[in-house]
Amino acid sequence: MSIFKRLRDLTMSNLNALIEKAEDPIKLTDQYLRDMQDDLEEAEKAVAAQIALEKKFKVLYEEQEALAKKREEQAHVAAQAKNIDLARRALEEKKAAEQKVAEYKAGYEKNKLAADNLRDQLTEMKKQITELKNKRETLVARVNAAKAQKTINQAMSGLGNSSAMSGLKRMEEKALQMEAEAEASGELYKKETSLDEEIAKLSKDQQVEDELAALMKKYEG
């Protein structure tokens, strides 16, 4: 079984479909991000362990390669010294080392292939996490825009209903009434002021007439 559960069972395409259907897509996305982050941590540990195995087998087969080469050289030295038993032992250990080289090298190649596959899967998982994080930012912007639009629509709907319109109409009528009353009081004030002025004018005219009569009387006869 693959250690990358969500990478195996949940591709970005079907995750996108789930997000589109979710009542709260941001919460769903955040939950999958947390799950994938947990899986990523587990995957990184597994990859590290696999790489350690790869390196271990590499060291083992390289050690046996070096030992086989060394025993071959020692066999030549023993043969030159006419020491047949020592030469035979060197060649036997060389053969055993070569067998281990083949065994350990096969283990190295197998574990390297597994490590390379896990590296690729880990890279893919990181790519999907980055893609999901980017999608989350887009979702946040879309959700916030939708909420704002909904608020505006509700406000506009409230302004357009009959209750609101009738209230506005009553306010308009009240304003017109107040304006009419203000204009009427202004006309009344004008009339009252005009009457006062007429009386004052009559009084002023009478004073002039009285003064003129007194002046003319002084020069009679």
Original post:
Given side chains that start at C-beta, do those of Q64 and E98 come closer than 4.5 Å, heavy atoms only?
Top reply: no

Original post:
With no hydrogens and no angle check, do the side chains of R71 and Q74 hold a donor and an acceptor under 3.5 Å apart?
Top reply: yes

**OP:** Could you tell me whether the side chain of L40 reaches within less than 4.5 Å of the side chain of L122, counting heavy atoms only?
**Re:** yes

Original post:
Considering residues at least two apart in sequence or located in another chain, which fulfil the salt bridge (Lys or Arg N to Asp or Glu O under 4.0 Å) criterion with E62?
Top reply: K58

Original post:
Looking at side-chain heavy atoms only, is the closest gap between K126 and E44 below 4.5 Å?
Top reply: yes

Original post:
Can Q31 and D35 be counted as having a side-chain donor-acceptor contact under 3.5 angstrom?
Top reply: yes

Subject >> Exercise: identify the closest heavy-atom pair between D39 and M125 >> reply: CB-CE, 3.9 Å

Original post:
What distance separates R136 CZ from K133 NZ, expressed to the nearest 0.5 Å?
Top reply: 10.5 Å

Subject >> Test item: N134 and T138 side chains (from C-beta on) under 4.5 Å apart, heavy atoms >> reply: no

Subject >> Short N-O contact, R119 and E54, less than 4.0 angstrom >> reply: yes

**OP:** Decide whether M36 and L118 are clustered together by the hydrophobic rule: side chain heavy atoms of Ile, Leu, Val, Met, Phe, Trp, Tyr closer than 4.5 Å, transitively.
**Re:** yes

**OP:** Run the salt-bridge test on D85 and R88 with the 4.0 Å N-O cut-off and return the result as yes or no.
**Re:** yes

Original post:
Between D116 and K112, is there a salt bridge with N-O shorter than 4.0 Å?
Top reply: yes

